[in-house]
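I have placed the structure first, in the form of structure tokens, so that the comments after it can refer back to it.
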Amino acid sequence: MTGCLSRILKTGLALVMLATVTGPLPAPAVTPEEMLADPALESRARALSKQLRCLVCQNQSIDDSDAELARDLRVEVRKQLATGASDAEILATLRETYGDYVLLNPPVSPGTYILWGAPVVILLGGLAIMLAWRRRREDDAAMIADDEAAPASPAASLDRHVALALASLVMAASLGLYLVLGRADLPARPLAERGAEIAAAATQAQQAASDRGAALQQARAAATETPDDVGAWLRLAMAAAASTDSATEIMALEQAERLTGGDPAIRAMRAEAMARAADGQVTIPARELIAGILAVKPAEPRALYLSGLAAYQDEDYAAAVGIWRRLQTLSPPDAPWMTLLAENIADAARSAGIDPDSVNPGPDADAVADAATMTEVERAAMIAGMVEGLAARLADEPGDVAGWRRLIRAYRVLERPEDLQAALIGLADAIPGNIDAQLSALEHMVVARLEAGFVEASQRLLDRVEVLDPNRPEGIYISGHFARQAGDTDRARALWEDLYARLPANAPIAPQLRKAIDDL
Amino acid sequence: MTRADGSRTGRLRLSFIIPLAGFLILAAFATVALMATLRGERDMSQLPSAMVGKPAPAIMLPSLLDEGQTISPGDFAGRAFLVNVFASWCAPCRAEAPALELLARDIPIMGIAYKDRPEDSRKFLADYGNPFATIGIDRDGDAGMKWGVYGVPETFLVGADGTILLRHAGPIDRRVLDELLLPANRELP
Amino acid sequence: MITELGHFALILAFMTSLCVAILPLVGLRVGLASLTALAAPATLLMAGAVGFAFIALVTAFVTSDFSVALVAAHSHSTKPMIYKISGTWGNHEGSLLLWILILVLFGGMLARRGREMDFGLKVRTLAVQAMVTAGFLAFCLFTSNPFARLDEAPLDGRGLNPILQDPGLALHPPTLYVGYVGLSLAFAFAVAGLIEGRIDRAWARHVRPWISAAWCALTAGIALGSWWAYYELGWGGWWFWDPVENASLMPWLAATALLHSTIVVEQRDRLKSWTVLLAILAFSLSLVGTFIVRSGLLTSVHSFASDPARGVFILGILLAAIGVPLLLFAIRGPQLSSRDEHVLISRESGLILNNFLLTAATVVVLVGTFYPLALEMVTGARITVGPPYFDATFNPIMAALVLAMALGPLTAWRRGTLPSLRTSLGMAGAGAILAVCAGLVLAGGVSAAGLAGLGLLGWLALAITGDILHRLKPWRGGIGTRASALPLPVWGMWTAHAGMVVFLVGALGNGLFQTEVIVRALPGDSVDVAGRTMTLRAVEARQGPNYVTETAIIEVRDGTDIIAFMTPEKRFYNAERQTTTEAAIRPRIGGDDYAVLGDGDATSGYTLRLYRKPFVSWIWAGAGLMAVGGALAALGRRQRQPAALADTIRTAT
């Protein structure tokens with residue numbers, strides 16, 4: 001998966017409205033082919049067309065418009081005229097199917113009484129007002145001011161100080177607002193000064209394009225030469241993907257699939273290619289393919305990603321977040337899709353209005369139910385997959401104590417001693433101040449006889465125990481044990497003697513300890 | 001300045017308020033319209049259909065997938081069904097395919113391939129899925145005109161008695177699905 | 001750098017406008033001369049700052065600085081320079097800045113020029129103008145900042161709609177805005193008068209030139225838009241009753257009424273409240289026009305990117321800028337005194353009738369434009385109010401106006417008598433009959449409405465001729481002195497009214513007598529269009545600066561002589577992937593030949609639409625004459641008309 005999937009995500013989201021723009025080329029207004037032979041009918045047709053609105057245009061009649069629908073309506077009008085319908089009948093039929101909106105001349109109906117009445121009301125009302133004015137009697141001519149009599153106010157002259165003070169205030173306020181709104185940090189980039197940059201970008205783009213083309217050609221040649229080499233087909237698919245040649249990509253992946261007997265990873269790649277071919281939309285055939293993959297391999301990363309994407313495109317954001325979180329926990333932390341995945345999860349979570357971290361990344365109810373119906377092998381595989389993911393994640397985030405504990409539990413169940421040991425040591429390292437963790441790790445090492453493989457770790461753990469609590473009996477015993485392993489019997493005896501001395505007389509392990517000392 | 005004749009003055013004063021009143025009425029309409037547009041409730045490109053409440057046009061169309069057969073809304077007599085007008089050259093039709101798939105589980109859908117070559121329609125269905133119970137070919141848009149179609153995609157909900165109950169112009173997204181069609185379906189037999 | 005300086009300048013202008021809006025009015029109230037004196041100089045500062053900001057933006061476009069978001073969105077490196085410049089205002093933010101520039105320039109002009117004005121009036125007017133400016137600057141800076149920058153400057157822009165790459169369109173918005181925004185000054189005068197509580201003849205004398213100037217620009221701007229639609233959109237129409245066209249017509253109608261109404265205030269000290277209302281109304285309609293275009297409320301070919309969020313801000317500005325003055329009008333309006341000596345037959349009555357008809361026409365267009373919206377809000381139904389409605393309602397009102405136009409100038413101010421009107425009425429009537437007969441003779445099948453239109457045309461034409469003859473009396477000697485004695489505004493009136501006649505010739509000639517021929521033609525085919533033979537010679541592919549074209553070459557013959565070649569095109573613009581049609585037009589005084597190339601190919605032939613449009617360019621010539629008339633009126637000084645001097649009145653009539 002590459003960054004192009006983000007494009008898939010984003011383009012998949014753009015739901016454009018009615019598709020008249022992407023339709024076939026628009027027909028020009030009134031073509032000669034549409035025109036009727038009879039001039040009288042034709043002029044009626046033109047008059048009618050001027051009365052009908054083009055529904056997909058902005059305020060045009062079907063007579064003026066270039067749109068497909070306008071042409072269809074013009075043809076329809078002429079068809080009806082040819083059958084002898086009257087003008088009123090034609091307008092009525094179209095009004096039946098398309099509503100009042102299609103008529104440029106609004107019909108007189110209860111909804112338009114005000115519209116048609118308005119001019120009359122305005123004229124009559126205006127007349128009424130004017131007549132009301134006319135009858136006004138005016139007898140206080142003296143009250144009317146003549147402009148000669150009224151003294152003009154003298155112009156005031158500018159007060160320097162006030163002006164200056166105000167000017168400074170305005171300057172300061174402007175500067176303040178500018179600092180908030182402006183971007184003084186960005187330099188101007190006039191085109192004339194960017195010649196080198198543009199040339200470089202152009203050559204780069206050209207180079208990349210020719211490289212991609214060459215790579216595709218090479219890959220195609222290689223695949224034709226060795227048609228049984230899965231790798232060759234996969235390389236061809238990658239090259240085709242880079243050149244956005246979805247058809248070739250899908251074909252190459254089909255070959256690879258055939259050669260590997262339907263490998264889930266390759267099938268997932270094909271599903272991704274199908275989505276790319278459909279401008280990023282996870283189409284129904286792609287979904288069927290993905291469902292098939294996930295039935296066999298529930299942790300297939302690509303399939304999971306696309307399945308989340310499908311939910312996102314269905315606007316089922318909560319489900320998308322759930323699926324993608326699962327993918328996140330299953331993936332190795334250095335997987336190339338992790339950043340993109342995180343972005344997508346954030347995006348979907350925002351759309352769903354939920355907090356992504358609150359979504360439990362562990363197996364959700366569905367997965368658990370699925371696990372129950374799986375065969376033993378499948379379940380083991382699923383758990384193994386989950387565990388692998390967890391281990392990988394912990395390698396990156398060794399401080400996740402809860403994670404370590406889960407991993408430890410898992411390895412216990414899976415009965416994988418070495419891994420368990422490593423996990424125990426991981427936990428001990430994660431909480432170096434916890435003596436019990438150190439001791440658990442060491443004890444397991446002893447019991448499972450894994451000392452040889454973890455020499456350095458054991459020393460580290462022992463040192464910690466020493467520092468934390470030198471008097472802890474378990475610690476002393478294990479120190480002695482490792483000393484004996486290392487061949488330092490004197491030290492071992494010294495330690496165990498010390499321990500023996502501390503033990504109460506009736507301690508159950510006392511006799512065993514005695515024996516161990518004697519065996520040295 | 002006051003006038004001697006009080007009543008005339010009153011009428012006159014009133015006429016001074018008319019401009020303000022007129023403006024406030026206009027402003028009220030504009031505000032309501034703007035708020036509705038902002039909330040997304042008002043979609044300028046969505047026309048209310050004049051066909052709602054009228055019987056579905058009983059037009060026979062040649063079947064897309066079964067050569068020589070014809071299909072019509074009468075095929076669904078006694079049942080509620082959807083009619084979806086689509087085309088291979090219509091980008092939003094591709095986007096609504098999964099939604100149609102979901103709807104098809106509850107209610108049969110009759111498809112009308114609008115202004116398309118049959119081979120292009122078939123390829124579209126192969127690429128994007130076929131949720132339709134029956135599909136008719138409307139090559140020149142005549143049938144569409146009887147339904148009052150003005151763009152693609154459009155979806156009609158037809159009741160069991162053959163009356164058009166609803167028309168949605170544009171692709172079916174989740175909001176339309178949730179708000180319009182599913183509740184409408186549940187009320188149907 | 002300069003972009004950021006421009007940004008700062010704009011902010012500076014905003015802060016200054018806030019000061020001018022508030023402080024001088026406070027100063028007048030409490031008598032602080034230091035504050036009132038600030039109005040004029042600060043207004044000049046605002047003008048300079050916005051001017052600088054505008055130049056900064058133009059510079060960004062000219063240098064193709066794609067770090068400026070606006071340039072990246074609306075320009076392209078391959079665009080011809082003139083369209084890079086006009087691209088500055090070919091978008092929402094840039095056109096808003098242009099609007100503000102004109103606002104402050106008008107304010108600045110008033111600040112410099114109005115020396116003989118009453119100082120209080122001048123200060124209040126500047127303050128109101130600054131309030132409007134502040135509102136628009138706030139809208140600009142906080143929601144539509146033209147100086148927004150991009151962190152990563154792209155290597156090229158996203159180009160401009162090829163339809164907008166056109167000389168007519170470069171000029172249409174600036175001219176129109178001078179008209180719209182010029183009305184802001186009349187608005188400011190009116191509100192200032194209401195605040196002061198005094199509207200008098202001096203007020204009218206001072207405001208009238210500004211109204212004339214704005215009206216002149218508005219006429220020119222609308223005419224340019226109509227002419228541009230005619231030659232660019234490719235189907236020969238010149239008016240569509242599109243909501244945004246209506247939005248420019250309404251202020252024009254109100255401004256025409258205002259222009260005439262102001263004359264009455266100046267000459268007769270009457271119609272004050274109506275004049276004030278018209279002044280508020282005219283600019284309010286300009287503001288409403290802005291709202292429509294930028295808010296996405298109504299669909300229109302003109303809309304900028306529909307953005308309801310911005311619409312809210314504009315709605316707020318409108319509520320304040322229109323609602324408050326109208327409230328003030330409701331309260332203070334009745335106090336505006338008027339002399340009342342109403343006589344039925346007088347020039348005054350004529351102008352009152354004129355006012356009334358124009359106001360009625362404005363309201364009718366307003367209702368028609370907003371009715372679909374109102375109905376949708378109330379019942380959810382969607383209807384269309386298109387040209388047929390306006391033809392049925394607007395045209396009759398205009399017809400009545402043309403009737404009245406003939407009579408007004410012919411009557412005396414104070415008292416006209418029917419007998420004195422008789423000669424003039426006689427001439428007008430004769431004109432009407434002549435025109436109708438001519439129509440019937442020259443072309444058969446003219447509709448009743450068409451004949452009525454012709455009649456009105458004749459009526460007005462001869463009435464104006466009569467008036468000119470009456471005043472100049474060329475049959476007597478001394479025409480020179482009489483002519484030079486006539487004030488410029490009278491010449492302006494004759495020019496503007498004559499412009500109306502010319503316009504009617506164009507509108508009727510084109511509407512009634514147009515010939516349209518639609519054919520499918522192969523190279524070599526000929527067809528007859530209104531007596532001319534048009535032959536398709538060839539269809540060629542050519543390359544333009546940023547497009548490729550398919551050009552048809554049509555030979556036009558009159559009889560056997562070739563009189564012209566016409567080359568209609570279909571263009572494909574590479575960067576924007578858009579196709580446009582370029583009609584071929586042969587403009588002549590008697591009429592245009594108009595050819596459009598449709599679809600087609602070499603085998604099945606090409607669709608050609610060929611027209612002969614008689615007198616169509618008279619439409620815009622008429623509008624141009626009207627604008628010239630307005631300019632003359634703006635430049636001239638009307639004679640003073642003291643109430644008692646009967647002789648002066650007689651001389652002027």
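Convention: sequence-line order gives letters A, B, ...; per-chain numbering from 1. Basis for what follows: all heavy atoms, side chains included, without hydrogens, waters or symmetry-related copies.
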### Message
If I measure from the heavy atoms of chain C, does A:Val170 come under 4.5 Å with its side chain, its backbone, both, or neither?
### Response
both
### Task
Salt-bridge test for A:Asp87 and A:Arg44: reply yes if a basic N is under 4.0 Å from a carboxylate O, no otherwise.
yes
### Query
When you check the gap from the basic side-chain N to the acidic O, do A:Asp100 and A:Arg95 get nearer than 4.0 Å?
yes
#### Entry: Engaged part of C:Phe390 at the chain A interface, taking heavy atoms whose separation is under 4.5 Å
neither
#### Entry: Qualifying residue, where the test is side chain to side chain contact (heavy atoms under 4.5 Å, CB included) with A:Arg53 and the options are A:Asn105, A:Leu104, A:Ile62
A:Leu104
#### Entry: Part of A:Thr112 within contact of chain C (heavy atom distance under 4.5 Å)
both
### Task
Please determine, among C:Ala360, C:Pro396, C:Ala153, the option with the most heavy-atom pairs under 4.5 Å with chain A.
C:Ala153
#### Entry: Winner by heavy-atom pair count (cut-off under 4.5 Å) against chain C, out of A:Val162, A:Leu186, A:Leu169
A:Leu186
#### Entry: Contact origin within C:Val363 toward chain A - heavy atom pairs under 4.5 Å
both
### Query
What part of C:Ser34 lies closer than 4.5 angstrom to a heavy atom of chain A: side chain, backbone, both or neither?
both
### Task
Check side-chain hydrogen bond (donor to acceptor under 3.5 Å, both in side chains) between A:Glu89 and all other residues, then give those that pass, not counting sequence neighbours.
none
### Query
Using non-hydrogen atoms only, which part of A:Pro187 is less than 4.5 Å away from chain C: side chain, backbone, both, or neither?
backbone
### Message
Do the side chains of A:Arg183 and C:Glu4 get close enough for a salt bridge, i.e. N-O under 4.0 angstrom?
### Response
no
### Message
At a 4.5 Å cut-off on heavy atoms, which part of C:Thr3 comes close to chain A: side chain, backbone, both, or neither?
### Response
neither
#### Entry: Option in A:Ala167, A:Ala192, A:Pro119, A:Pro107 with maximal non-hydrogen atom pairs under 4.5 Å from chain C
A:Pro119
### Message
As an exercise: rank C:Phe240, C:Phe14, C:Phe8 by heavy-atom pairs under 4.5 Å with chain A and give me the winner.
### Response
C:Phe8
### Task
Answer with side chain, backbone, both or neither: which region of C:Ala392 has an atom nearer than 4.5 Å to a non-hydrogen atom of chain A?
side chain
## Note on the structure
Okay, C:Leu608 and chain A: the region with an atom under 4.5 Å from a heavy atom over there is neither
### Summary
Bottom line for A:Leu103: the part with an atom under 4.5 Å from chain C's heavy atoms is backbone
### Message
Under a 4.5 Å cutoff for heavy-atom pairs, which residue among C:Asp151, C:Thr581, C:Val364 has the most contacts with chain A?
### Response
C:Asp151
#### Entry: Heavy-atom proximity to chain C below 4.5 Å, by part of A:Leu166
side chain
### Message
Given heavy-atom pairs under 4.5 angstrom as the criterion, report whether the side chain, backbone, both or neither of C:Tyr371 touches chain A.
### Response
side chain
### Task
Test salt bridge (charged side-chain N to carboxylate O under 4.0 Å, His left out) on C:Asp599 and C:Lys570 and set out the steps.
CA-CA 9 Å; C:Asp599 277 347; C:Lys570 284 182 55 177; 2.4 Å; yes
### Message
Less than 4.5 Å to any heavy atom of chain A: does that hold for the side chain of C:Ala381, its backbone, both, or neither?
### Response
neither
### Summary
Turns out that what part of C:Leu375 lies under 4.5 Å from chain A's heavy atoms comes down to side chain
### Message
Donor-acceptor check, side chain of C:Glu516 to backbone of C:Arg609, threshold 3.5 angstrom: yes or no?
### Response
no
### Task
Pick one of side chain, backbone, both or neither for C:Asp156, based on which atoms fall under 4.5 Å of a heavy atom in chain A.
neither
### Query
Side chain, backbone, both or neither: which part of C:Glu152 has a non-hydrogen atom closer than 4.5 Å to chain A?
neither
### Query
Side chain, backbone, both or neither: which part of A:Arg189 has a non-hydrogen atom closer than 4.5 Å to chain C?
both
### Query
Short question: side chain of A:Ser65, backbone of A:Gln60 - any donor-acceptor pair under 3.5 Å?
no
### Query
Is the shortest distance from a Lys or Arg side-chain nitrogen in A:Lys50 or A:Asp64 to a carboxylate oxygen in the other one below 4.0 Å?
no
### Task
Would you check if the distance from the ring center of C:Phe394 to the ring center of C:Trp241 is below 6.0 Å?
yes
#### Entry: Which atoms of A:Ala118 approach chain C - backbone, side chain, both or neither, heavy atom under 4.5 Å
side chain
### Message
Between C:Asp200 and C:Arg198, does any side-chain N to carboxylate O distance fall below 4.0 Å?
### Response
yes
### Query
Considering only heavy atoms, which portion of C:Pro24 lies under 4.5 Å from any heavy atom of chain A: side chain, backbone, both, or neither?
neither
### Task
State whether a side-chain donor-acceptor pair under 3.5 Å links C:Ser67 with C:Asp65.
yes
### Task
Say whether, by atom type as modelled, one donor and one acceptor occur between the side chain of C:Lys272 and the main chain of C:Ile199 under 3.5 angstrom.
yes
### Query
Aromatic rings C:His7 and C:Phe147: how do their planes relate, parallel, tilted or perpendicular, breaks at 30° and 60°?
parallel
